[in-house]
Amino acid sequence: MAAFAAHMGAAATSLTWPSTTAILPSAGGGGRRRWRRWRAAFRVSCSEAGGGTVVIGLAADSGCGKTTFMRRLTSVFGGEAEPPRGGNPDSNTLVSDAATVICLDDYHSLDRTGRKETGVTALDPRANDFDLMYRQVKAIKEGRAVEKPIYNHATGLLDPPELITPPKILVIEGLHPMYDERVRDLLDFSIYLDISNEVKFAWKIQRDMAERGHSMESIKASIEARKPDFDAYIEPQKQYADAVIEVLPTRLVSDDEEAGKLQSVKLVVKEGVKHFGGPAYLFDEGSTISWTPCVRKLSCSYPGIKFAYSPDTYFGREVSVLEMDGKFDKLDELIYVESHLSNLSTKYYGEVTQQMLKHADFPGSNNGTGLFQTIVGLKIRDLYEQIVNERAASPALAAVA
Ligand SMILES: Nc1ncnc2c1ncn2[C@@H]1O[C@H](COP(=O)(O)OP(=O)(O)OP(=O)(O)O)[C@@H](O)[C@H]1O
Ligand SMILES: O=C(CO)[C@H](O)[C@H](O)COP(=O)(O)O
């Protein structure tokens, strides 16, 4: 325990970054020019959200599709999401025209060695600096730039900080966006990716064996080792999420081999979320619907595709649940499904299908994960526009946002 305390102390010291104003060159030609060049190099846009950045939280375990979701979301707002130009090549940040995505791994207060020596995992709140996370997310939301630390996944060390200036939309993604009440209260919308162990294992095998050279046994062992802390600190956050995308093995067949290839995906959305404009629905809002699409209009191989929609409760709150089981064979036929869905917050007929086709090579594009991530992305665009419009109509609100 003493070693742990010593580590926490060391980590706290190493994370006491100079305040942004302290490191900004003060007035004076050379300093100001250097500062402008530096800021331009990072290509981050200043907030145009009319009085503050809109903040979105995305929670999930490692390897559960956060990056894939982020790429779909930022694409809805326009422009490719890229690492900050001219910055640390191991930065975890992604910057697009309107949105900046920061990874909460950057708030690890214990580096890899520190965690190993203390036996504290990255999922444990003690390995993360929530005070700094809160202060910095709050500052960005209020329109102030921050010097955010970087956790370097290549080296396992904490690197010197990077500058984040307030974008229109800030997405904080990682293990704990809804863990700390103060951070949670800063979120305008929150999402939890609830990936079942079986599916997580299949996705991790695909990535960590093929791309990172891990063995199947070590992947299994790592998932098992993380499980107690995952159950204690990560999963409970789903009760706070405004939207949950739940991914389970298919229920269309029981055969293990077939089941491993297909997923049953649910989009659970809370009713009455401010600025959200209500959940998307199938056929008739509030009804309970089970739909097997016509095979002549939507090609699908065995065992087919099923949709469902119903009102429900989730952690005591009223929700609406959309479900898709199975996979699409021809993505352009998705327009048939889209035409039966309502309240999608699209700007034109077919926008969901167009977004899905645009990213046909992203994982999950042929099933409910891609479809529901795309719908949530479009609904977040709508939420953002509603917030901006409300602030424009009431400047007094913008001042306190
Ligand atoms: N919907 C999906 N269907 C199938 N595979 C997927 C899906 N989403 C992600 N994957 C796979 O899972 C792996 C992890 O995805 P991704 O990098 O998006 O997750 P992550 O949560 O950002 O991971 P990490 O936190 O470890 O960086 C990748 O190999 C990806 O191909
Ligand atoms: O749960 C995680 C979030 O991505 C990582 O395991 C955590 O950030 C530690 O990273 P690394 O294994 O690279 O030291």
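As the structure lists them, so they are numbered: ligands from 1, and atoms in each ligand from 1.
Remark: side-chain polar atoms of T165 are not paired, donor with acceptor, to backbone N or O of A145 under 3.5 angstrom. Judged by distance alone, the side chain of Q136 and the main-chain N or O of E147 form a donor-acceptor pair under 3.5 Å.
Using a 4.0 Å cut-off between heavy atoms, T369 contacts ligand 1 through its side chain alone, with no backbone atom that close.
Residue-ligand proximity, K66 to ligand 1, at heavy-atom distances under 4.0 Å covers atoms 18 (O), 19 (O), 20 (P), 21 (O), 22 (O), 25 (O). Within the listing of ligand 1, atoms 17 (O), 18 (O), 20 (P), 22 (O) sit less than 4.0 angstrom from a heavy atom of T67. Residue G364 has at least one heavy-atom neighbour below 4.0 Å for each of these atoms of ligand 1: 1 (N), 2 (C), 3 (N).
Protein heavy atom nearest atom 7 (C) of ligand 2, with residue, atom name and distance: H108 NE2, 3.4 Å. Atom 9 (C) of ligand 2 has its closest protein heavy atom at R115 NH2, 3.3 Å. The closest protein non-hydrogen atom to atom 14 (O) of ligand 2 is Y151 OH, 2.6 Å. At the shortest separation from atom 2 (C) of ligand 2 among protein heavy atoms lies R226 NH2, 3.7 Å. Protein heavy atom closest to atom 13 (O) of ligand 2, with residue, atom name and distance, is H153 ND1, 2.7 Å.
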Kindly indicate, with the supporting measurements, whether the criterion side chain to side chain donor-acceptor pair (under 3.5 Å) is fulfilled by D312 and S310. CA-CA 6 Å; D312 206 340; S310 62; 5.1 Å; no
Would H275 and D188 count as a side chain to side chain donor-acceptor pair (under 3.5 Å) if you check the C-alpha gap in whole Å, the side-chain angles of each, and the deciding distance to 0.1 Å? CA-CA 9 Å; H275 301 121; D188 293 290; 5.6 Å; no
Yes or no on side chain to side chain donor-acceptor pair (under 3.5 Å) for E385 and N389, after CA distance, side-chain angles and deciding distance? CA-CA 6 Å; E385 288 173 358; N389 289 341; over 6 Å; no
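Close N/O approach between Q263 and ligand 1 is not found [any backbone or side-chain N/O within under 3.5 Å]. At a 3.5 angstrom cut-off on N or O pairs, Q373 does not count as close to ligand 1.
Nearest to atom 4 (O) of ligand 2 by heavy-atom distance, out of L123, L175, D105, is D105. Nearest-heavy-atom check against atom 14 (C) of ligand 1 across G63, S62, G370 picks out G63.
The shortest non-hydrogen separation linking K238 to V244 is O-CG2, 4.0 Å.
Residues E285 and S342 bring no donor and acceptor atom of their side chains to less than 3.5 Å of each other. At a cut-off of 3.5 Å, with distance as the only test, no side-chain donor of T369 or R72 sits close to an acceptor on the other residue.
Geometrically, K200 engages F230 in a cation-pi contact defined by less than 6.0 Å to the ring centre and at most 45° from the axis.
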